[in-house]
Amino acid sequence: MTTESVGSEFSRALKKRLESSKRSFYFLTRSPLATIGLAIVIFYVILAIIGPRLAGGNPSVMTAYPIYHGQPIIFNPIPPFEYAKFPLGTTIGGYSIYEGVLKGARVDLELASIIVFSGALIGTVLGSIAGYKGGALGEAIMRGTDIFLSLPYIVLAVAFLTVFGRYESVMIESLILIWWPTYTRIVRGQVLSVREQKYVEASVAAGSSSLRTVIKHIIPNSIYPIFVQISLDFGNVILTLASLFYLGFTFAGPGFAEWGNLLSRATSAGTGGAALESYPWAVTIPGLVILIFVLALNLFGDGLRDVLDPRMRR
Amino acid sequence: MSEILLKGIGIRKYFPIRGGVSGRTLGYVHAVDDVNITIYKGETIGVVGESGCGKTTLGRVVLDLIDPTTGALFYKPNESEMSQLEQLYSELTSGGARELKKEEKKILNTTKDNIYKSRRRKKDFRSRVQIVFQDPVSSLDPRMLIKDVIFEPIKINGIPVEGENDNGKQKRVKLRGDAATKYILDIVTEMGLNEDHLFRFPHEFSGGQRQRIAIARAIAVKPEFIVLDEPTSALDVSVQAQILSLLKTLQQKYNVTYMFITHNLAVIRAVSTRVIVMYLGKIVEEALTDELFEYPIHPYTQALISAIPIPDPNFRRSRIVLSGDVPSPANPPSGCRFHTRCRFAKEICSTEEPKLKEIRTGHVVACHFAEDILKTESEHTGIKKISEIAI
Amino acid sequence: MKLYVYIIRRVLLLIPVIIGVTLITFYLSHLNIGLLVTEYEGKIHTYAQRVIVMKELHLNGPVWAQYLYYLGALFTGKWGFVSPGDIDPGVPVFTEFLKRFPPTAELALLATLLILVMGLPLGVLSAVRKDRATDHATRLGAMAAVSIPSFWLGLLVLNFMLAPTVSFLPHWLVLYGNGQLNWSVYGYWHGKIAPFVSPTGGLSQPTGFLLIDTLVYGDFPAFFNALWYVFWPSLVVALTTFGVIIRFMRSSMLENLGQDYVRTARSKGVPEQFVIKKHARRNALGSSTTVMGLIFASLLSGVVVTEIVFSRPGMGTWLYQAAYNNDMVSVMATTFVFTVVIVAANLIVDIMYSYLDPRVRLE
Amino acid sequence: MNKLVGEALVVKDLKTQFFIYDGVVKSLEDVSFVLKKGEVLGIVGETGCGKSVTAYSIMRLIPDPPGRIISGQIKMGDYDLIKGIDQEVDIILKKRPKIRHHNKIIKKNEYLYNKIRGRYISMIFQEPMAALNPVFTVEDQIVESLYLHSKTKILRVIKSASEHISDLQSFKDKGGITSELSGEIGAELQKIKIQKKGFESEEKHLEMLIDEATKYLAKKDKYDEMLKESIEVDSLEGTLFGNVSEEERARILKVLSKEAKKSHLMGLTKRLKKKNPDPVISEARREAFGLLESVNIPNAFQILKNYPHELSGGMLQRVVIAIALSNDPQILIADEPTTALDVTIQAQILELLRDLRKNRGTSIILITHDLGVIAEMCDRVAVMYAGNVVETAPAIELFHNPKHPYTIGLLQSIPRIDDPTKKLNIIRGTVPNLIKPPTGCRFNPRCQFAFDRCIVEIPPTIETSDGHTVACHLFSGKEVR
């Protein structure tokens with residue numbers, strides 16, 4: 001065999017690889033809903049990146065406009081489409097909803113990414129240890145998981161924020177503390193089942209070290225459910241964040257841009273009825289923004305699950 | 001006899017059963033119980049028995065994939081080492097069948113380490129032995145290209161070249177780049193696959209092809225010894241024939257020793273030179289293949305052989321149908337483990353455990369009544385006799 | 001394994017969980033011991049007084065001893081006193097808990113019921129009609145419901161269903177208030193309930209559960225009123241949670257419908273509806289109960305948020321007010337109660353599972 | 001051996017396809033064979049050749065979607081079981097607007113099939129562990145089958161027992177059965193006696209019978225009414241497969257499906273749990289007990305209360321066989337009944353099947369890939385390859401004079417325990433992908449005798465000698481190579 005043909009082998013390999021990834025993509029496009037979900041998620045991510053730039057000013061603080069064209073707009077919010085400066089109208093306090101939504105996307109996505117990815121990382125590491133090593137350490141990890149799974153997450157977050165003070169770091173830490181156990185469970189289950197597979201044994205029989213076995217065989221084969229879980233959890237974290245901000249359990253200062261916080265500005269608790277009657281846009285728009293994003297994440301996650309589920313492939 | 005390749009003495013493997021309120025150990029599954037095994041170079045040793053008899057566990061222990069509860073394993077032992085260890089081992093277990101204490105294990109292991117220089121020796125051992133599994137679906141990593149699957153053992157161990165290192169280890173070279181690709185292509189072509197197959201994922205193949213790939217992976221490092229754990233059980237007969245003949249060709253070409261584990265006696269008869277029959281973790285009979293099939297002595301072997309349906313409607317023979325199921329290996333019967341289903345069972349069978357003894361040349365049986373059975377019975381059960389009886 | 005051995009084992013496994021949870025609450029309370037002693041605020045002037053307070057609170061022993069005292073106090077109902085600044089300053093937290101627990105329990109139980117009643121049949125339906133319009137609609141609907149922020153849905157329900165001026169519902173249905181029973185109405189509505197009026201002038205509550213109490217009074221309009229105001233928030237909670245159950249029940253049903261024993265049942269000539277109802281659903285229910293245990297934590301979170309939005313006088317609202325007033329004692333008490341409820345729910349779910357699927361007991 | 005007269009089942013030009021994402025899998029292509037009364041027909045072939053699909057098509061157990069019987073005939077007696085299938089296919093393929101009307105046809109066919117499955121044709125599966133529902137006891141699962149189809153028989157036995165209650169009592173007291181009784185109860189006692197499972201078992205049977213009879217007497221009118229209804233339904237069912245006109249058959253079906261709506265299966269589950277003193281249930285339990293004994297299960301009374309996961313594979317397969325035989329079916333389809341079992345257990349099960357066939361005269365279709373099992377069990381064999389029946393012949397003829405190249409290859413590729421020197425002959429290649437099957441003869445890419453015509457033309461099925469048919473161009477006579 002000549003070197004040329006060896007080279008061509010590798011180009012062929014590349015082609016095959018591309019084909020197989022194309023195949024996955026193909027599976028994804030089979031479900032139009034998942035594709036729509038993915039598109040919306042990408043749109044939101046772009047929004048989070050360039051949004052604050054479009055709105056100008058501090059990327060996580062909304063600007064207050066107490067007076068506009070000589071009119072006080074603190075207590076009489078402007079409806080959408082009335083002024084070009086406030087395309088989505090304003091809310092109580094004179095904040096532009098447009099600006100709030102754009103800047104809130106950055107804040108929400110940032111916070112949620114930190115929480116979900118740290119949770120997934122911690123969970124994956126602990127889960128792999130519990131699954132692969134087992135023994136007393138694994139047992140201890142799983143008991144810990146049980147404990148954290150028995151904590152109601154909003155309540156725990158509130159307790160933490162009350163005890164340690166209302167800071168961004170406390171909020172992030174408390175939510176990470178809540179979100180890692182799910183991943184530990186999933187990864188452990190996966191590792192346990194992958195570990196029993198014959199190809200792992202074959203690899204050990206071929207003399208591969210346990211580190212190599214874990215990296216080459218166990219992790220690649222048990223990591224995929226994590227992606228699905230991340231996509232589904234992202235939405236949950238956004239919802240929890242929004243709830244906490246809406247209820248005001250947080251560190252949000254004046255003008256802090258977050259979708260739940262924006263909603264709370266539209267309707268300070270107890271006046272929801274009045275808000276809906278007299279300025280419905282301030283309630284509906286931020287709510288819809290959250291709803292669409294979380295729905296898109298769920299649709300995408302569901303599609304992803306179908307694609308990554310080996311049963312679908314066969 | 002030719003050179004001894006592998007020798008295991010007093011191998012036991014007990015798996016704990018957990019349960020109850022606190023999840024403590026309630027008992028043990030006696031998967032393999034006090035088995036001595038010798039494998040000679042170049043032969044195909046068949047291990048046969050029903051599910052739960054411990055044949056798979058024995059295969060793993062022999063390959064050092066799981067640690068035996070007790071027992072010592074020698075690979076290509078030289079005389080002095082072997083006698084030294086064997087003596088030590090018999091001293092330690094002189095009290096009969098029991099689990100070694102922690103200190104005793106330590107003594108045994110240190111001695112072994114001294115002889116073997118444990119870790120390095122282990123790596124050397126790994127590169128000389130391979131395994132092929134029954135289940136073609138789970139034996140290949142679903143996220144690896146076939147090329148990588150086959151290349152993995154080469155990457156770890158390299159390929160043996162002529163000559164030996166000074167410390168008795170094989171000389172091996174690691175292949176890279178084009179040389180590796182060429183080597184893999186050669187192997188794959190030999191297995192009856194082509195280069196197109198190299199760049200696919202396992203799920204794109206049929207069972208027979210997967211088994212070919214698994215064999216390619218095993219043979220790629222030119223091992224001296226391969227354990228074949230039911231390699232054809234999940235395959236169709238026509239594919240089984242292909243795989244069996246492939247295995248035969250490979251054995252002749254690479255001079256590799258096989259341990260062929262299966263429940264299919266017909267396959268054993270076709271491929272192996274020597275057969276071990278296992279029942280509930282014990283060896284009940286051991287002989288050269290033709291000898292065993294012509295003069296089966298142990299009642300269990302007789303029943304096994306007579307239970308095989310022969311693909312010829314003219315063979316209408318009286319068969320021995322065993323009553324009942326195989327007892328649980330967690331709670332094996334006392335004495336001879338087969339006595340609950342045996343048609344010759346007498347009182348002694350339930351109290352005293354029969355020892356393996358040589359009844360004919362090279363034919364070892366664990367049965368109290370082996371001689372009697374040989375005289376009276378085996379004429380009616382041996383396979384040769386059956387074909388004579390046939391219409 | 002016998003069923004009772006399994007149950008005992010499950011209960012024993014709870015002990016480390018309970019210890020872990022109490023350790024966390026203990027740690028949090030201990031960190032803010034200053035907050036814990038706020039009830040003594042203004043009372044501690046001298047060193048001697050301080051010593052007394054320290055002794056009363058067992059603050060001078062080693063940490064493990066403090067923890068033991070803490071545990072003892074927790075399990076004997078000595079949970080401290082509501083801090084000043086809160087609505088009922090100085091009231092024992094346990095008493096407050098007894099008052100706050102029933103509304104939340106009603107809400108959570110009704111929500112669970114609604115989830116089961118809506119989720120399980122929809123999941124079965126979705127699986128049986130796989131890849132047809134019904135299936136797609138159910139799945140999309142479930143997903144949308146899960147994606148709605150619960151407080152937002154609460155707001156919408158509150159206004160479009162329950163606010164008299166905006167509601168779509170007929171006016172006579174929308175009686176009064178925001179999800180609370182207006183106790184003052186009782187007085188002139190039904191004179192016959194006088195025996196239950198407490199000395200202080202309010203109505204005494206025999207059980208604390210509004211739904212039960214109104215029945216005890218024999219006041220059916222009030223019962224329906226109470227039901228009305230617990231129904232909407234529990235609907236909100238159920239809607240924002242039940243998608244998971246649908247999704248799980250669907251996949252579990254699909255898996256079971258593909259099993260060999262379903263084929264065996266069909267080969268016996270069992271009519272299709274019974275194949276689904278008896279053979280497949282029974283098995284699917286078993287594994288779905290485990291999810292019920294897992295989503296209980298998120299259900300309670302939904303309960304907290306919804307309670308606040310609907311201003312129901314339950315645990316959630318209590319937590320909300322306590323957090324606002326930095327009332328650490330009450331916050332810790334609610335955390336503990338919620339945790340115990342989740343642990344208990346998980347236990348019940350496990351026992352139910354082992355009853356539904358005899359294989360679980362084998363392990 | 002029974003006289004092989006008449007045909008129990010005729011399968012003609014059966015065509016089953018699976019509509020999956022990658023395309024249409026043409027699983028069965030014009031499969032035809034005949035099952036004679038009282039014989040054992042073996043269907044042999046490799047994985048993916050359509051053995052199981054054939055069985056499922058006969059049982060109408062093809063999962064839909066994606067599978068579908070496209071056309072063909074499955075005749076039991078004079079009646080074509082899948083007569084309505086064309087209309088069903090039309091509905092699915094064309095999605096006509098009048099779908100409601102056509103759904104009625106589907107439902108009716110489904111209903112008809114529920115009457116046939118388990119009653120006239122029943123089936124044994126490969127994995128006994130998976131084939132039983134893990135959450136119900138063995139008893140529940142047998143009783144369910146009996147309750148669905150054998151209500152009349154059950155009621156008759158109890159009625160008869162209630163008439164002879166004092167005799168039964170005296171039998172029990174004296175120990176053993178001393179004399180013959182007439183009617184159903186006599187037959188039942190005879191059956192118990194034949195099984196010869198010992199005195200204890202007999203006593204248990206009698207005890208239960210007396211118990212049921214007393215309960216029956218307590219509400220005699222109710223149960224008599226029940227029996228009357230049940231007999232009516234049965235006689236209607238009987239006429240359904242006889243020689244009746246289409247309109248009549250439609251009418252009967254209508255009546256029967258109305259009857260089916262009254263089916264009390266859910267009630268049955270509840271009744272089983274409550275331990276309700278219903279004689280029908282307890283007689284079904286006794287029958288289940290007897291059934292387990294008839295398949296040689298030791299300690300049957302205990303086994304009844306066990307869950308499937310508490311039993312071993314061989315035991316479970318016996319239970320599955322007991323369920324299949326519970327209503328005395330005319331046809332038994334055994335789909336690889338011993339593949340998942342050990343050799344010694346396989347021998348037990350095969351012996352059991354042989355006994356059952358001898359005692360009951362059931363016609364059996366035995367599906368397996370093991371030619372050894374075929375040789376031991378079967379009278380005739382059909383060899384399948386890639387969705388075609390390539391050869392049918394009496395067993396001895398097939399093993400000694402195989403005609404089709406595939407059969408020859410298959411026979412030569414088995415390692416023989418009795419002839420170790422025989423060289424294994426290899427059929428090259430693998431079973432083709434049935435989404436794009438080879439043109440002409442589907443075996444042509446692997447056939448060593450293939451010639452031009454094989455690639456172009458589908459070989460016709462030719463009878464070479466009496467009862468020996470083969471589908472191969474080598475024997476088509478027009479062009480001999």
Side-chain angles (χ1 to χ4, degrees), chain B residues 48-53 192 205-209 232 234-246 248 263-271 289-290 293 300 303-317 319-326 328 341 383-384 386-387 390, chain D residues 45-49 296 298 311-315 338 340-348 350-352 368-379 381 394-400 406 409-420 422-431 433 446:
Chain B
V48 70
E50 291 177 286
S51 53
C53 73
F205 291 91
S206 68
Q209 284 170 318
T232 60
L235 306 177
D236 280 321
V237 271
S238 69
V239 184
Q240 166 173 296
Q242 294 170 359
I243 296 290
L244 290 181
S245 85
L246 173 69
K248 267 191 173 163
H263 64 268
N264 189 334
L265 281 158
V267 171
I268 281 280
R269 173 125 231 219
V271 296
T289 309
D290 288 346
F293 281 90
Y300 178 63
L304 262 189
I305 289 178
S306 96
I308 302 162
I310 289 176
D312 190 335
N314 281 342
F315 285 117
R316 300 273 181 197
R317 56 189 163 141
R319 55 167 75 243
I320 309 159
V321 177
L322 292 178
S323 60
D325 283 321
V326 181
S328 155
R341 302 170 79 194
I383 205 78
K384 201 166 198 177
I386 296 171
S387 40
Chain D
E46 294 178 286
T47 317
C49 69
N296 300 334
L311 303 178
S312 70
M315 216 54 118
T338 58
L341 305 173
D342 276 324
V343 201
T344 56
I345 309 296
Q346 164 172 305
Q348 293 172 2
L350 290 183
E351 192 161 273
L352 174 68
T368 179
H369 65 266
D370 189 339
L371 281 162
V373 173
I374 291 277
E376 293 217 348
M377 298 286 300
C378 298
D379 304 317
V381 189
I396 296 180
E397 167 89 4
L398 187 96
F399 280 94
H400 288 271
Y406 176 66
L410 205 59
L411 280 169
Q412 285 177 348
S413 63
I414 319 164
R416 292 282 287 261
I417 195 160
D418 50 329
D419 187 10
K422 195 193 82 173
K423 199 176 175 299
L424 295 186
N425 205 347
I426 294 171
I427 310 177
R428 62 206 159 122
T430 48
V431 180
N433 177 353
R446 301 177 74 186

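Numbers restart at 1 for each chain; the letters A, B, ... are given by sequence-line order, proteins then strands.
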### Query
Under a 4.5 Å cut-off applied to non-hydrogen side-chain atoms, are Gln346(D) and Pro309(B) in contact?
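In short, these two side chains touch, coming nearer than 4.5 Å.
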
### Query
Do Gln240(B) and Ser413(D) have side chains that get closer than 4.5 Å, going by heavy atoms?
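A side-chain contact is absent here, since even the closest heavy-atom pair is not under 4.5 Å.
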
### Task
Under 4.5 Å, counting heavy-atom pairs only, tell me which of Leu371(D), Asp370(D), Asp342(D) racks up the most with chain B.
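The residue among Leu371(D), Asp370(D), Asp342(D) with the greatest pair count is Asp342(D).
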
Go through the atoms of [X] and report whether side chain, backbone, both or neither lie under 4.5 Å from a heavy atom of chain D.
X: Ser238(B); value: both
X: Glu50(B); value: both
X: Ser51(B); value: both
X: Ile268(B); value: neither
X: Ser323(B); value: backbone

### Query
Sequence neighbours excluded, which residues qualify as salt bridge (Lys or Arg N to Asp or Glu O under 4.0 Å) partners of Glu46(D)?
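Salt bridge (Lys or Arg N to Asp or Glu O under 4.0 Å) list for Glu46(D), sorted by chain: Arg446(D).
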
### Query
From Arg416(D) CZ over to Ile308(B) CD1, what is the distance, rounded to the nearest 0.5 angstrom?
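That separation rounds to 12.0 Å.
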
### Task
Could you grab the distance from atom OG1 of Thr344(D) to atom NE2 of His263(B), nearest 0.5 Å is fine?
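Atom-to-atom, Thr344(D):OG1 and His263(B):NE2 are 11.0 Å apart.
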
### Message
With a 4.5 angstrom heavy-atom cut-off, is it the side chain or the backbone of Ile345(D) that approaches chain B, or both, or neither?
### Response
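Answer is both: backbone and side chain atoms of Ile345(D) are under 4.5 Å from chain B.
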
### Task
Go through the atoms of Gln348(D) and report whether side chain, backbone, both or neither lie under 4.5 Å from a heavy atom of chain B.
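Gln348(D) touches chain B through backbone and side-chain heavy atoms alike.
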
### With Ser312(D) via side-chain contact (heavy atoms from CB on, under 4.5 Å) - residues at least two apart
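Ser312(D) satisfies side-chain contact (heavy atoms from CB on, under 4.5 Å) with Asp325(B), Met315(D) only.
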
### Task
Identify the two heavy atoms, one from Ala266(B) and one from Pro415(D), that lie closest to each other, and give their separation to 0.1 Å.
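Looking at all heavy atoms of both residues, the closest pair is CB-O, 3.4 Å.
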
